[in-house]
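Single-structure report; data block below.
Residue numbers begin at 1 in each chain, while the letters A, B, ... track the order of the sequences.
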There are 4 protein chains.
Amino acid sequence: MPPTEQQNRPAEHRRGRPRSEAVERSIVEAVVKLLEEGVPLTQVSIERVARTAGVGKATIYRRWKGKEELFIDVLKDIEPVDPELPGTSVRDDLVALLESLRRRGLAKRSSALLYNVFAQMQNYPELWRAYHDTVVEARRRTGMEVVRRGIASGEIRSDLAPDLVNDLIVGPMLLRTVLRPYAELEEGLSARVVDALLEGLAPRGSERQHG
Amino acid sequence: MPPTEQQNRPAEHRRGRPRSEAVERSIVEAVVKLLEEGVPLTQVSIERVARTAGVGKATIYRRWKGKEELFIDVLKDIEPVDPELPGTSVRDDLVALLESLRRRGLAKRSSALLYNVFAQMQNYPELWRAYHDTVVEARRRTGMEVVRRGIASGEIRSDLAPDLVNDLIVGPMLLRTVLRPYAELEEGLSARVVDALLEGLAPRGSERQHG
Amino acid sequence: MPPTEQQNRPAEHRRGRPRSEAVERSIVEAVVKLLEEGVPLTQVSIERVARTAGVGKATIYRRWKGKEELFIDVLKDIEPVDPELPGTSVRDDLVALLESLRRRGLAKRSSALLYNVFAQMQNYPELWRAYHDTVVEARRRTGMEVVRRGIASGEIRSDLAPDLVNDLIVGPMLLRTVLRPYAELEEGLSARVVDALLEGLAPRGSERQHG
Amino acid sequence: MPPTEQQNRPAEHRRGRPRSEAVERSIVEAVVKLLEEGVPLTQVSIERVARTAGVGKATIYRRWKGKEELFIDVLKDIEPVDPELPGTSVRDDLVALLESLRRRGLAKRSSALLYNVFAQMQNYPELWRAYHDTVVEARRRTGMEVVRRGIASGEIRSDLAPDLVNDLIVGPMLLRTVLRPYAELEEGLSARVVDALLEGLAPRGSERQHG
DNA sequence: TAATAATCGAGACGGTACGTCGCGTCTTCTG
DNA sequence: CAGAAGACGCGACGTACCGTCTCGATTATTA
């Protein structure tokens, strides 16, 4: 379950008493529980997690190098899986994609951890890299796939770099999640974003004037 | 300089030795210095700032309620002022706006603090509110102003909510700054984003097919 | 009161808030209290002392380098002062000297610490040296003084090394204190020891037969 | 070898793999090795002994209840056997007895353990009792035997309690071993002690003056 | 010119958490 | 079954910061 583990034992045979998976779970669940109780992340200390999980501190340090590594695993536990894409049209797929982000943004504990990952970015580049590679990049790949399909099918312009297109689509939802957390991630937002992007911000027809 | 000060003395006359502005500056500069030396934010403790600035801890607490309030002021010191808008066209103004964000994203210390503000968001809502109100909202107002001008001038569609338009423009740059910090905030990016948005992702003409 | 302090500040002017003597006392008293409650020395942890004294751990470490240094000071607090010597005769002075040792041996907390000092002897030679110099040697000096007076007055043979004489007198009481702690340090023991030593173990008169 | 063993299996037949005596030896030898390397007793942890002996911790706990019980057995391994008494005269026997103590005091590892036994006296009374009964009392019995022989033969006064006499003889050597470990346990000390005791500290003849 | 009062650097103070180590028990696999 | 290995809950270790609190020493203003 926690593939990010820093001190993973090799796959081959290991001697001595094996680590208990139950303990592993109870630790991660303790963190989740604390977050759901509204405990601020800063106050989610290893000490407290150990107490909550009914576990020795060493047991935690045996598995994770510190608070951050632990949180990564928790994050993976929490992050929603790859969204179901209807496949009816590229436009609908993009809407579905944004919808999953919107729902993620509405989940309090998810955001809480996301913010913390941001905060630790400079301190633990490897950590950020880990989060980026598994969570961010995964989602990005999905997006790129849809975009490329759109280009192939003619639904999306072929003269734009696919990753730029992807960023144009995902960026606004991230902004609302991150910069305006008290604001509305209102229903229907995803569709509005996609449609506006597809049609363009400038008016259609002969009356275009910029440039 | 620090208008966020929580424990401001009344404007009227005060007795006793007045607070030294030099001390104030040296504290903020100490934080900046540490950040520039690459010290992770987590390790920028009040204790250490005091040591670096050659100042007593109480002197810091006399001015700011805690690490976070102090950081806000540092942030304001660091954040670039409102961007110069050329005013030649709305499109050029939007590009200028994004350019200022792009340059901000390239400044290491700026990002460092930004991430930390994110991290403290849930712990200190008031703090986030402060940052939001002064920094985020200020920038947002500028953007909205440009957007509204574009709608009025016909450069931007009038059937879209202005704040949605603003988010569509700013979002992608935020995404690159925040989620792909090792990636390219390459020259010319701002223009590409604005132009792609204005024209739309879907091909122009009769061949449009999404439902 | 604690002249053994390892981290003594120089006598000259020191800056910052001065250390509280009250705190110092409360720490030492906490140790004594625990000992009197019968808490085994091994379980008298710094952590527990801090809790008992209502004091932060750092406050203890600021004054003493560790458990052992602290105990030295406690020991000095507990050890009885120099015994009152009647001065009527050297024999009576010796009895008084042993009496003070006997009473010390009967005091539980005193013995507890004494044993611990023994145990730490090899680990912390400096520590033992400190205890030796202040407690052991002080007592020894007193004894030697009496012995020398006895030699001068003719009460004690002049052909024996004074320190050997002193050891002959003190040794038996130490033995009973240390090796037979459950045994009797019965009343009148001191006099019996002194008298037996003065008169000798071999019978007086013509019947002596050893080589 | 370890007759103190707390968890001895019944003498009758046991099933399964029998305990390895080699393992037993290697554990005790590991302790001795560590002591000879000058490792402070406090740092001779079960954990470390197991590591040094190349043995599982449980294997140690299967044989001894804890560090202290183990040390007792080590002590018995180290303590010199009953001294050879020449038997030529009681005086010579006493000298031989003290000599064995003197040599013990000169052996570093022996003293180290002795001190530790003292330290644990209050914590583990049973432990002390065990050490007392086997080591201390054994030596004491030997001494008492000699003393009684001396009384019978007229070499020692008959009006003194034998155990008092024994303590008078052994005490001084214990004192030098324990309280003045850096001091001289010089050659010839034993004889000097015995002779001084037999003859008495007060001058012989008509000039005696104490009351 | 003094008295008064808030400032300053320094650092002690009661706390909480850190990450490590040893305790004695337990659980796994190998001989 | 014994044995090595090592996980486990526990609790102490000594350190670092937290935010508050004295200290003596500096400045200002007010009397």
From [atom1] of [X] over to [atom2] of [N], roughly how many Å is that when rounded to an integer?
X	N	atom1	atom2	result
K57(C)	dC17(F)	NZ	C1'	14 Å
R17(B)	dA28(F)	CZ	P	7 Å
E47(A)	dG15(E)	CD	P	16 Å
I27(D)	dA4(F)	CD1	C1'	12 Å
L70(B)	dG19(F)	CG	P	11 Å
E24(D)	dG3(F)	CD	C1'	13 Å
Y61(B)	dT7(E)	OH	P	17 Å
R62(B)	dT20(F)	CZ	P	12 Å

Give one of base, sugar-phosphate or nothing for A50(C), where a contact means two heavy atoms less than 4.0 Å apart.
nothing

Regarding G54(B), tell me which of base, sugar-phosphate or nothing describes its non-hydrogen contacts under 4.0 Å with the strands shown.
sugar-phosphate

Mapping I46(C) and S20(A) onto DNA chain F by nearest heavy atom, which one lands closer to the 5' end?
S20(A)

DNA chain F: 5'-proximal contact among G66(B) and A53(A) (nearest heavy atom)
A53(A)

Please compare R51(A) and G16(B) by the position of their nearest nucleotide in DNA chain E and report the one closer to 5'.
G16(B)

5′-ward residue of the pair K67(A)/E21(C) relative to DNA chain E:
E21(C)

Under-4.0 Å side-chain N/O to phosphate OP1/OP2 contact, T59(A) with dG9(F)
yes

Below 4.0 Å: OP1/OP2 of dT4(E) and any side-chain N or O of R15(B)
no

Checking side chain to side chain contact (heavy atoms under 4.5 Å, CB included) against V44(A), which of V74(A), L34(A), T52(A), L70(A) comes through?
L34(A)

So, are E37(A) and K33(A) salt-bridged, with charged N and O less than 4.0 Å apart?
yes

Lys/Arg-Asp/Glu bridge criterion (N-O < 4.0 Å) met for K57(B), E47(B)
yes

Tell me if a side-chain donor or acceptor on T59(B) pairs with a main-chain N or O of V55(B) at a distance below 3.5 Å.
no

Given [options], the nucleotide with the shortest approach to the side chain of [X]:
X	options	answer
A58(A)	dA7(F), dC18(E), dC10(F)	dC10(F)
V23(D)	dT7(E), dG3(F), dC8(F)	dG3(F)
R63(D)	dG3(F), dT7(E), dC13(F)	dG3(F)

Does W64(D) reach the side chain of I72(D), with side-chain heavy atoms less than 4.5 Å apart?
no

